> 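Pasting a structure below so you can have a look.
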Protein chains: 2
Amino acid sequence: MQRSNLGIKDLAKLADVSIGTVDRVLNNRSGVADSTKERVLRIIKETGYKKNVVASRLKLAKNKVIKIAILVPSAKNELSYWNLPLQGVDSAVDELSEMGISIDYFYFDLLNHQTFSDQIDKILKEEFDALITVPFFEFESNRLLGKAKELNIPVVFLDTERDLLFPGNFIRQNSFNAGMVAGRLLHGLIGDQGTYVVVNILNDRGKQINNFQRESGFRSYFEDCVEEEHIKLHTINHPLEDQFDLVPELKDLLDPNQQLGIFVTNARSFLLPDILASNHISNARIVGFDLNDKNISYLKNGSIDFLINQKPQFQGYAAVKGIYKYLTEEDMSQLNIDIPVEIVIKENVEYYTPFGRGVEF
Amino acid sequence: MQRSNLGIKDLAKLADVSIGTVDRVLNNRSGVADSTKERVLRIIKETGYKKNVVASRLKLAKNKVIKIAILVPSAKNELSYWNLPLQGVDSAVDELSEMGISIDYFYFDLLNHQTFSDQIDKILKEEFDALITVPFFEFESNRLLGKAKELNIPVVFLDTERDLLFPGNFIRQNSFNAGMVAGRLLHGLIGDQGTYVVVNILNDRGKQINNFQRESGFRSYFEDCVEEEHIKLHTINHPLEDQFDLVPELKDLLDPNQQLGIFVTNARSFLLPDILASNHISNARIVGFDLNDKNISYLKNGSIDFLINQKPQFQGYAAVKGIYKYLTEEDMSQLNIDIPVEIVIKENVEYYTPFGRGVEF
DNA sequence: GTTATATTCGTTAACGTACACGGAATCTAT
DNA sequence: ATAGATTCCGTGTACGTTAACGAATATAAC
């Protein structure tokens with residue numbers, strides 16, 4: 001890291017031109033002779049010049065605000081998961097407010113592809129500098145990436161990774177890896193002799209990419225780590241309904257002499273403890289995802305053993321910061337982030353909960 | 001958050017004075033009549049003006065560099081723990097380099113109080129704007145805080161919290177809480193029937209505050225959470241020697257029919273697996289602290305089950321950022337931080353290791 | 001040789017804050 | 001009454017970057 005700390009003015013002196021010319025070279029604008037351009041470029045390389053982003057944004061903050069759009073599923077209520085990335089986004093925008101940055105929110109309906117497409121079109125028309133969204137619809141995501149590539153607008157996808165026709169930027173947890181983590185945690189609690197159940201609680205949209213990957217990672221853990229003998233490992237795919245009761249399916253699987261390990265592949269692990277209790281199943285351990293209020297309260301009373309945090313607030317925060325870094329420094333390194341698979345238990349949950357002890361996300 | 005985004009110039013216009021006068025009021029310098037001062041203050045309040053820190057630092061970066069000193073134990077080698085906070089410090093300084101900030105490193109000898117005191121005196125003479133250090137010596141830490149208070153220099157302590165005569169700033173993990181976390185993790189693996197051993201591996205300096213607090217938290221977990229029946233819970237305090245062998249003490253405690261849960265209260269949990277193996281003890285589970293290379297390699301091969309991360313790099317990083325925020329915005333909120341008790345296992349260790357997948361500390 | 005048209009480059013005024021400098025007004029002392 | 005001190009406040013420059021403006025030179029067309 002070459003912290004030379006010299007400015008455009010010094011470059012000008014060294015290259016024996018004016019700062020205007022150096023500026024033209026740096027922002028490769030037209031109107032500079034090839035010979036001088038070469039000379040200036042040489043000086044830039046030799047000195048390891050790095051532009052002062054702060055001064056640059058100070059100048060530009062008024063006229064050239066960086067406009068970011070975020071398009072997420074419309075939330076049913078204020079406790080919705082999708083408010084969390086938005087919180088992080090707000091927090092980053094607030095931090096960068098002095099640098100001239102603005103954010104506009106757009107929403108689509110998870111059950112309606114068209115609403116996503118319509119919003120995308122609207123956003124692309126309004127000349128935003130960057131877009132944050134989710135890759136839930138494959139076809140539409142591909143269409144988006146194609147258009148964005150033409151317009152040279154960076155797109156960052158949150159929450160889920162998926163293969164697309166163009167390379168995309170993803171800020172999300174590796175769900176396969178998260179499943180492996182869940183595998184070890186549950187295995188540690190239950191041991192080789194127990195019965196294991198992967199519970200996919202499906203909503204209107206059915207099984208999502210994350211569910212598949214988490215289950216796959218979970219199974220992979222047991223394939224890798226357990227002496228090949230037959231671990232009893234089952235899967236239940238259950239639609240989410242008003243009167244929700246897993247037990248008929250569970251009962252067949254359950255050996256009362258064995259411990260039961262339950263891995264819930266989404267945020268609805270809070271549904272399990274009551275069902276288990278009402279059916280007098282007491283030897284079960286649960287690992288689930290996400291720090292929603294219900295999950296947290298069951299974690300605190302011991303009904304849920306582990307929660308895995310995918311840091312949704314941080315995803316939004318990091319997306320904005322990454323975009324800012326890319327647009328101001330042409331550094332793309334922060335546009336692709338593997339969110340740590342954070343393990344949360346009763347004793348450390350307060351660090352991860354909003355307004356808890358933590359300062360980070 | 002009132003993002004009015006108006007500047008000192010707008011304030012001046014509103015108050016019908018010049019920007020110079022507004023500046024004098026803001027930085028409460030002398031030379032402004034009470035009546036106008038009052039008027040300006042009213043405008044400031046009404047508009048919710050917030051100074052543009054970035055522009056301010058741009059102006060001051062050259063002449064008024066923020067000078068920070070960091071005083072840590074001298075490292076035996078490059079892999080030493082104390083290089084980690086320094087890495088974080090460097091990283092923060094790098095991030096803030098455009099804002100005019102500099103760091104100077106000082107070292108003391110952990111076995112010699114006097115070296116600490118001498119370095120403190122040296123630092124205080126050189127007119128630093130802030131100091132980062134560790135509170136390992138009680139008397140000397142008190143002396144430091146007293147002097148720093150006089151000179152109005154903020155001090156941030158890393159790694160360990162301790163009661164001192166003046167209120168201090170601490171960026172550290174709550175070790176009691178970390179012990180509780182270890183308790184639950186080990187209890188989950190071993191269950192009520194096992195034997196538990198807290199191992200304090202002592203070096204030249206004996207038992208440290210963190211060791212006490214971690215053990216205390218660990219014991220507290222079992223008091224709170226386990227149905228009062230007698231959990232078998234023992235403590236071994238063992239000096240660190242070349243030929244280190246815990247087993248004589250362990251053997252007395254060990255029931256071959258029971259699982260053994262070992263909680264190592266410092267970073268030396270890597271010493272245990274070999275000792276256990278050479279004595280044919282195979283039913284032991286280990287929870288330790290810190291992501292040093294040896295611990296990580298045992299974590300990866302399954303000899304250690306959990307490691308607790310206290311994010312030493314982040315501690316250094318956060319200290320510098322907190323000091324910067326305090327000195328530029330008079331916001332002390334980032335000078336006291338409870339580091340999350342991060343749970344690390346084989347499957348997620350790569351997120352926490354330097355040059356791993358993570359972007360944060 | 002004059003005018004038009006590019007091409008290349010220097011000058012300068014911002015962005016918001018800090019602070020030195022000095023001007024103007026009021027007050028004190030002789 | 002006038003010099004000097006004091007109080008109050010406005011002006012101007014600087015931080016590093018950007019970009020509009022225009023000056024200088026070269027090339028082309030008549």
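First the proteins, then the strands, lettered A, B, ... as listed; each starts at 1. None of these values were measured; they are calculated from a predicted model. Any value given below was found using the heavy atoms of this structure, including those in side chains, with hydrogens, waters and symmetry copies removed.
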> Which residues pass the side-chain contact (heavy atoms from CB on, under 4.5 Å) test with A:Glu140, sequence neighbours left out?
A:His113, A:Phe116, A:Ser117, A:Phe137

> Can you list every side chain to side chain donor-acceptor pair (under 3.5 Å) pair that touches residues 64-74 of chain B, not counting sequence neighbours?
none

> Quick one: what's the B/S/- string for nucleotides 18-26 of chain C, heavy-atom cutoff under 4.0 Å, read 5' to 3'?
BB-------

> Does A:Lys9 have any side-chain contact (heavy atoms from CB on, under 4.5 Å) partners at least two apart in sequence or in another chain, and if so, which?
A:Ile19

> Which residues satisfy the side-chain contact (heavy atoms from CB on, under 4.5 Å) test with A:Pro85, sequence neighbours excluded?
A:Trp82, A:Leu158, A:Pro312

> Please examine the side chains of A:Val134 and A:Phe108, heavy atoms only from C-beta on, and report whether any two atoms are closer than 4.5 Å.
yes

> Using C1' atoms of five pairs at each end, report the bend of the helix from C:dG1-D:dC30 to C:dT30-D:dA1 rounded to 10 degrees.
70°

> Which residues satisfy the ring pair (Phe, Tyr, Trp, His ring centres under 6.0 Å) test with B:Phe128, sequence neighbours excluded?
B:Phe106

> Using a 4.0 Å heavy-atom cut-off across all strands, classify A:Val53 as base, sugar-phosphate, or nothing.
nothing

> Taking salt bridge (charged side-chain N to carboxylate O under 4.0 Å, His left out) as the definition, give me every residue that meets it alongside B:Arg172, ordered by chain and number, with sequence neighbours left out.
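Testing B:Arg172 for salt bridge (charged side-chain N to carboxylate O under 4.0 Å, His left out), a comparison that skips the adjacent residues, returns B:Glu161, B:Asp338.
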
> For residues 323-330 of chain A, tabulate all N or O donor-acceptor pairs below 3.5 Å that involve a side-chain atom, not counting sequence neighbours.
unit_1	atom_1	unit_2	atom_2	d
A:Thr328	OG1	A:Tyr324	O	2.7
A:Glu329	OE1	A:Lys50	NZ	3.3

> Reckon B:Ser30 touches a base, only the sugar-phosphate, or nothing at all at heavy-atom distances under 4.0 Å?
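Touches nothing.
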
> Within the 4.5 Å heavy-atom criterion, are B:Ile123 and B:Leu131 side-chain neighbours or not?
yes

> Heavy atoms only, 4.0 Å cut-off, all strands: where does A:Gly31 land among base, sugar-phosphate and nothing?
base

> Looking at every strand, decide which applies to B:Val54 at a 4.0 Å heavy-atom threshold: base, sugar-phosphate, or nothing.
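Since no nucleic acid heavy atom lies under 4.0 Å of B:Val54, the category is nothing.
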
> For a 4.0 angstrom threshold against heavy atoms of chain A, report the outermost contacting nucleotides of DNA chain D in 5' to 3' order.
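Contact span on the strand: D:dC15 to D:dA19.
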
> Nearest whole Å is fine: how far is C:dG16 C1' from A:Met99 CE?
12 Å

> Taking side-chain contact (heavy atoms from CB on, under 4.5 Å) as the definition, give me every residue that meets it alongside B:Ala55, ordered by chain and number, with sequence neighbours left out.
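By the side-chain contact (heavy atoms from CB on, under 4.5 Å) rule, B:Ala55 matches A:Leu58, B:Asn52.
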
> What is the distance from CD of B:Glu329 to P of C:dG16, rounded to the nearest Å?
17 Å

> For a quick test of your reading: what N or O donor-acceptor pairs under 3.5 Å do the side chains of residues 33-44 of chain B make, sequence neighbours left out?
unit_1	atom_1	unit_2	atom_2	d
B:Thr36	OG1	B:Ala33	O	2.9
B:Arg39	NH1	B:Ala15	O	2.3
B:Arg42	NH1	B:Glu46	OE2	3.0

> With a 4.0 Å cut-off on heavy atoms, is B:Ala33 in touch with a base, just the backbone sugar-phosphate, or nothing at all?
sugar-phosphate

